[in-house]
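Structure first, then comments.
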Amino acid sequence: MKKFLLKGDKDFALLFLRITIGGFMLFGHGWSKLTAFGEYFHSFSDPLGLGPEISYILTVGAEVLCSVFIILGLFTRFAAIPLAITMIVAAFIILKNESWNDKEFALLYLIPYITIFIAGPGKYSLDAYLLKIEN
């Protein structure tokens, strides 16, 4: 019990974090945007002035492709960057005039992406397997 309370299993915790946050983003946000591609492609929000089509591709790419990478633990730290940027843009540009409660959801997504970027994927990941990382 003392070992569990003091040490825990950080690698399992990172696996749990990657699967849950990646799955929530993929199936809660990215998949619906991907399946409605034609509907939003030309009318998507353009907060950075890149054009709605580029903004949509970048957002869908982050929410779908990067979420899959996060879940698998493949290119994990790199995959966390576009997702973090997407949440920063959502919270501080798209929702800049909204209340804290409206920004909170994007910021709550941002926290695990920053955590994953800092901590890495852990030993239960394709990154660890492919790079033969041992703890």
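The model shown is predicted, which means the values in this text are computed figures rather than measured ones.
- Classification of K33 and E63 as a salt-bridged pair holds, one side-chain N sitting under 4.0 Å from a carboxylate O.
- Minimum interatomic distance between K103 and K96 (heavy atoms only, all atoms of both residues): NZ-O, 3.2 Å.
- Across every non-hydrogen atom of A119 and R77, the tightest pair is C-NH2, 3.4 Å.
- Looking at residues two or more places apart in sequence or on another chain, you find a ring pair (Phe, Tyr, Trp, His ring centres under 6.0 Å) between F69 and F75.
- Note that CZ of F16 and CZ of F12 are 7.5 Å apart. Values are rounded to the nearest 0.5 Å.
- In plain terms, the two heavy atoms of C66 and A79 that are nearest each other are CB-O, 3.5 Å.
- In this structure, L26 CG and L34 CG are separated by 9.0 Å, a value rounded to the nearest 0.5 Å.
- When every heavy atom of G122 is checked against every heavy atom of D11, the shortest pair comes out as CA-OD1, 3.3 Å.
- Residues I21 and I116 meet the side-chain proximity criterion, which asks for heavy atoms closer than 4.5 Å.
- When all heavy atoms of L107 and A91 are compared, the pair lying nearest together is CD2-CB, 3.7 Å.
- To the nearest 0.5 Å, atoms OG1 (T35) and CH2 (W31) are separated by 7.0 Å.
- If you chain together hydrophobic residues whose side chains sit under 4.5 Å apart, L17 and F78 never meet in one group.
- By the neighbour-count criterion of 12 heavy atoms within 6.0 Å, atom CZ of F37 is densely surrounded, having more than that number from other residues, nucleotides or ligands.
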### Message
Run the side-chain contact (heavy atoms from CB on, under 4.5 Å) test on L14 and Y124 for me, step by step, so that the C-alpha distance in whole Å, both residues' side-chain angles and the decisive distance to 0.1 Å come before the verdict.
### Response
CA-CA 8 Å; L14 286 168; Y124 305 120; over 6 Å; no
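- Of all the heavy atoms in I71 and G22, the pair that sits closest is CD1-C, 3.6 Å.
- For the atom pair L48 CG and S55 OG, the distance stands at 6.0 Å (nearest 0.5 Å).
- Once rounded to the nearest 0.5 Å, the distance linking OG1 of T76 with CD1 of I81 reads 11.5 Å.
- For F105, the ring pair (Phe, Tyr, Trp, His ring centres under 6.0 Å) partners at least two apart in sequence or on another chain are H29, Y109.
- Side-chain contact check for M87 versus M25: some heavy-atom pair is nearer than 4.5 Å.
- Here the CG-CD distance, from D102 to E104, works out to 9.5 Å after rounding to the nearest 0.5 Å.
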